[in-house]
Q: 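Let me begin by handing over the structure; questions about it come next.
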Amino acid sequence: FRILLPQNGLAVREEQITLCHAMLDALFNKEVLLCEAGVGIGKTLAYLVACVLWQQQRPAALVEPVVISTSSVTLQEAILREYLPFLSQVLLQEHIIQAPICAVVRKGKERFACDLRLQLRKTQVKQRGQGHDAEMRSLYNVSRNLDLDQAEGLSNFDRRLICVPEHCPKSCSARRSCRYRKYLEEANGRRVTIQICNHNFLLADATHRQEKWPRLLKNYQALVIDEAHKLPEAAAQMYGRRFSVQDGENLCRLLEKSHCTHTAQQLRERLTALQAAFCADEIVNAAVAFCPSNVQNAALLSAQAAFRQAAVTRTAKPLPAWPLHRLRESADVLQLFIEQNSNCILYIQYDSDGKPTLCADCRGVREIGDIFFDLARCQCVHHRLLIHEKISRKVEHDRRRLHHCNRIRANHLSGGIQKRHMNRDIVALAVNILHVADVLHAPGKAPRCTDGNIRIVAVHFHSHVGRRIGNQNTDCTKSDNT
C-alpha cells in the first residue's frame, strides 16, 4: 500500500492500511470481524490484499478458496474485471504470487443458458419468418455468452425459456458438450482461489449444507461479506414469509383466466375485508407489531378459508401447479398469524399508501439482535465489534454469553479507546452476521477448512454514522480509526 500500489497510480490511504491489518489479524487469529468503512477508504482492495496475502502464508495442502459475498451485481463485476486483474498484475510483477489470481462469479443456474433449450428457441423464432430479427440477434448473443446477465436485448420471456432448468436429466443429449457443466467444473477446480457471489446465493448454500443437500459453493476457508448492511434484508427475503392483498389479487386474476370466476369473486371479497381490517391511513412506511383485534382475527380466518377452498376447487381446465402452490402457500402464511406462531416474529409492514403486508420472519434471525440492542441501548460500546467465539443460535445460550461479550467490551473501553454510541443498525447487523456465521459454522453442518475453522470478515458501510473511518472533518484518533 505504501510502495507497490502508489507506483501503479494509487494514493496512500492510512485508513485502508489499518483496515487491511485488522482483517489480516482476524484471518490469522480465526476470528469474526465487523468493520465499518466510509466512502473512499478503498475497502475492496483492503480485503482482497488481506485474503491473497493470507492465502500465500497457508500450507499448500490447506489452501481452499475465499468467498466474497456482495449485494450488487455491479460490485461483483468490478471485483472480477477491474480489481482482481489489477492486483494480480501488480503482485505478479513483484513475484509475490506465482500465478494470476483466478476468480469466478457463482450464480443460480437460472442465470445461465441451456444449449439445448437455446437451440430449440432459435428454431422456433426462425420458423416465424421476418419481423423477429432483434430477437434472433439477442439469441445469437447468448450463443457466444453463457451468462444471461451479459446478453444484450434478451427479453424476460426468452430468458425463462432458455435458462438452465431446475433439474437437468442425466440422459440429456447435450450433456457432454454442455457449457454450463464445463463452467461448473472450472468453478470447482483447484485453480479457483476466490469465489464471488451475492448474499442470497451465500445463504442458499448455507441452507443446502445445513439440510445436507448438494452444496452450491466449493468448500472454502474464509468468508468476506461486503455491503454487509444488506445481509439482514437478504436473510429476511429467504427465511421470512410475506403476504399482501396485492398478492391475493394476482391470484384472483389467474383464477379468472382459468374460468373460476365465482371462486375468484369470493376470494376477492375476503381480501377486501382483510385489507379493510388491517388498513391504517395514519401509518405509512412503518412496521407495526402484530396485535390483532377480534375483527382482524375474523378477517384472517375468512381469507384463509377462501384460499384453501380455491386450492381444492375443481375446474374444467386444471389449474397450473404454480398458482396452486401459491394458493396453498398464502393459506399457510395466514395460518402463522391466526395461531400467532411463536417461532416467528409477526409484524405488519405498511407502504407509502398505508397498505399492509403481513410479515413473518424466523425468530432466530432477529431475536439475538434484540438482545444485543437491549445491552447496547444504554451503554457505550466500541466502534469495532469483535467477538472471539461463536454465537449460538439458541437465544437462551446467547443470554448467558452476554456477560462474556460485556467483558470484551469493557476491556476495549478500559484500554483508552474513545467511547461512542453504537448505531442500532450496526448492532442488529453484527448479530445477524454472527447468526449467519453460526449457521455456516455449526458442527456437522458447515463448510469446514482442513484445520477445522472458518474465518468471516464482514465489511459494513453506513452513511449515517457521524464519525466514520476516513472522515477528514472529525478529530478521529488513530485508535478510533481502528
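As the structure is a prediction and not an experimental result, all values here were calculated from the model.
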Q: Please check this pair: side chain of Asn8 against backbone of Leu4, looking for a donor-acceptor N/O pair closer than 3.5 Å.
A: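 At least one qualifying donor-acceptor pair exists.
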Q: Using side chain to side chain donor-acceptor pair (under 3.5 Å) as the criterion, list what pairs up with Ser330, not counting sequence neighbours.
A: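 Partners of Ser330 by the side chain to side chain donor-acceptor pair (under 3.5 Å) criterion come out as none, since no residue qualifies.
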Q: Which atoms form the tightest heavy-atom contact between Lys109 and Val164, and what is the distance?
A: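 Looking at all heavy atoms of both residues, the closest pair is O-CB, 3.3 Å.
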Q: Answer yes or no: are there more than 12 heavy-atom neighbours, outside Arg215 itself, under 6.0 Å from its atom CZ?
A: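 Enclosed: over 12 neighbouring heavy atoms sit under 6.0 Å from CZ of Arg215.
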Q: Has Gln56 got a side-chain atom pairing as donor or acceptor with Ile96's backbone, closer than 3.5 angstrom?
A: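 Here the side-chain-to-backbone pair exists.
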Q: Can you list everything that forms a side chain to side chain donor-acceptor pair (under 3.5 Å) with Ser244? Sequence neighbours excluded, please.
A: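 Partners of Ser244 by the side chain to side chain donor-acceptor pair (under 3.5 Å) criterion, ordered by chain and then number, come out as Asp247.
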Q: Looking at every heavy atom in both Ala234 and Asn200, which two are closest together, and how far apart are they?
A: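 Shortest heavy-atom contact: CB-OD1, 3.9 Å.
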Q: Using the side chain to side chain donor-acceptor pair (under 3.5 Å) criterion, which residues pair with Arg111? Sequence neighbours excluded.
A: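 Checked Arg111 against side chain to side chain donor-acceptor pair (under 3.5 Å); matches are Asp149.
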Q: What pairs of residues pass the ring-ring contact (aromatic ring centres under 6.0 Å, His included) test when at least one of them lies in residues 5-24, not counting sequence neighbours?
A: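 Of all non-adjacent pairs touching residues 5-24, none passes ring-ring contact (aromatic ring centres under 6.0 Å, His included).
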Q: Sub-3.5 Å donor-acceptor pair from the side chain of Glu152 to the main-chain atoms of Asn141, do we have one?
A: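 No; zero donor-acceptor contacts below 3.5 Å.
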Q: Listing request: all side-chain hydrogen bond (donor to acceptor under 3.5 Å, both in side chains) pairs with a residue in residues 81-99, at least two apart in sequence or in separate chains.
A: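 side-chain hydrogen bond (donor to acceptor under 3.5 Å, both in side chains) check on residues 81-99 returns Glu77-Arg81.
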Q: Taking only residues two or more places apart in sequence, or in another chain, which ones meet Glu14 in a salt bridge (Lys or Arg N to Asp or Glu O under 4.0 Å)?
A: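 If we apply the salt bridge (Lys or Arg N to Asp or Glu O under 4.0 Å) test to Glu14, skipping adjacent residues, the hits are Arg2.
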Q: Would you name the heavy atoms of Tyr183 and Lys107 that are closest together and state the gap between them?
A: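 In terms of heavy atoms, the two residues are closest at OH-N, 3.9 Å.
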Q: Donor-acceptor check, side chain of Gln55 to backbone of Glu64, threshold 3.5 angstrom: yes or no?
A: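 Flag set: sc Gln55 to bb Glu64 pair under 3.5 Å.
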Q: Stepwise, does the side-chain contact (heavy atoms from CB on, under 4.5 Å) test hold for Val105 with Ile79?
A: CA-CA 10 Å; Val105 175; Ile79 293 173; over 6 Å; no
Q: Listed by chain and number, what are the side chain to side chain donor-acceptor pair (under 3.5 Å) partners of Asp115, not counting sequence neighbours?
A: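 Partners of Asp115 by the side chain to side chain donor-acceptor pair (under 3.5 Å) criterion, ordered by chain and then number, come out as Arg179.
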Q: Partners of Val52 by side-chain contact (heavy atoms from CB on, under 4.5 Å), sequence neighbours excluded?
A: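 In terms of side-chain contact (heavy atoms from CB on, under 4.5 Å), with neighbours along the sequence ignored, Val52 is linked to Leu87, Leu91, Ile97, Ile101.
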Q: Go through the structure and list residues passing side-chain contact (heavy atoms from CB on, under 4.5 Å) with Ala287, not counting sequence neighbours.
A: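 Ala287 satisfies side-chain contact (heavy atoms from CB on, under 4.5 Å) with Tyr347, Gln349 once adjacent residues are dropped.
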Q: Identify, with sequence neighbours excluded, every residue that meets salt bridge (Lys or Arg N to Asp or Glu O under 4.0 Å) alongside Arg121.
A: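 Salt bridge (Lys or Arg N to Asp or Glu O under 4.0 Å) list for Arg121, sorted by chain: Glu135, Asp158.
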Q: Does Asp361 pair with Arg242 as a salt bridge, N-O distance under 4.0 Å?
A: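 Yes, Asp361 and Arg242 are salt-bridged.
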Q: We want to know whether His199 and Ser69 form a side-chain donor-acceptor pair, criterion being a heavy-atom distance below 3.5 angstrom.
A: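 Yes - a donor-acceptor pair under 3.5 Å links their side chains.
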Q: Closer than 4.0 angstrom, basic N to acidic O: yes or no for Arg106 and Asp205?
A: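 The answer is no: the pair does not qualify as a salt bridge.
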Q: Is any side-chain heavy atom of Val67 less than 4.5 Å from a side-chain heavy atom of Cys197?
A: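 SC-SC contact between Val67 and Cys197 confirmed.
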Q: With a cut-off of 6.0 Å (strictly less than), are more than 12 heavy atoms of other residues, nucleotides or ligands near CD of Glu166?
A: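 Open: at most 12 neighbouring heavy atoms sit under 6.0 Å from CD of Glu166.
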Q: With sequence neighbours excluded, tell me which residues meet salt bridge (Lys or Arg N to Asp or Glu O under 4.0 Å) with Asp332.
A: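 Arg308.
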Q: Could you tell me whether a side-chain N or O of Glu15 sits under 3.5 Å from a main-chain N or O of Ile41, the two making a donor and an acceptor?
A: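 It does not hold such a pair.
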Q: Minimum heavy-atom separation for Cys20 and Val49, please, with both atom names.
A: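 Minimum heavy-atom separation between Cys20 and Val49: SG-CG1, 4.1 Å.
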Q: Evaluate the side-chain contact (heavy atoms from CB on, under 4.5 Å) criterion for residues Leu148 and Cys163: first the C-alpha distance (whole Å), next the side-chain angles of each, then the deciding distance (0.1 Å), finally the verdict.
A: CA-CA 8 Å; Leu148 295 180; Cys163 70; 3.9 Å; yes
Q: Over 60° means perpendicular and under 30° means parallel, so tell me whether Tyr180 and Phe112 are parallel, tilted or perpendicular.
A: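 It falls in the tilted class, 30° to 60°.
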Q: Who pairs with Gln119 by side-chain contact (heavy atoms from CB on, under 4.5 Å), at least two apart in sequence or on another chain?
A: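 Checked Gln119 against side-chain contact (heavy atoms from CB on, under 4.5 Å); matches are Lys122, Thr123.
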Q: Before you tell me yes or no, could you show the steps for Asp351 and Thr357 under side-chain contact (heavy atoms from CB on, under 4.5 Å), namely the whole-Å CA-CA distance, both residues' side-chain angles and the distance that decides it to 0.1 Å?
A: CA-CA 8 Å; Asp351 62 14; Thr357 297; over 6 Å; no
Q: Look at the side chain of Lys218 and the backbone N and O of Pro65, then say whether any donor-acceptor pair between them is shorter than 3.5 Å.
A: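 Answer holds: no.
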Q: Indicate the atoms forming the closest heavy-atom contact of Ala103 with Leu80, along with that distance.
A: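 Where Ala103 meets Leu80 most closely, the heavy atoms are O-CD1, 3.7 Å.
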Q: Which residue is it: Val224, Leu33, Leu48? I am looking for the one with a side-chain contact (heavy atoms from CB on, under 4.5 Å) to Met23.
A: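 That would be Leu33; it is the only one of Val224, Leu33, Leu48 passing the side-chain contact (heavy atoms from CB on, under 4.5 Å) with Met23.
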Q: Do His208 side-chain atoms and Pro214 backbone N/O form a donor-acceptor pair below 3.5 Å?
A: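 At least one qualifying donor-acceptor pair exists.
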Q: Examine distances only and state if a side-chain atom of Arg209 and a backbone atom of Ala204 form a donor-acceptor pair shorter than 3.5 Å.
A: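 Pair absent, no side-chain N/O of Arg209 close to backbone of Ala204.
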Q: Could you report the tightest heavy-atom contact between Phe1 and Val12, atom names first, then the distance?
A: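 Where Phe1 meets Val12 most closely, the heavy atoms are O-CG2, 3.7 Å.
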Q: Within the distance-only criterion (no hydrogens, no angle test), does the side chain of Glu227 pair as donor or acceptor with the backbone N or O of Thr70 below 3.5 angstrom?
A: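 No; zero donor-acceptor contacts below 3.5 Å.
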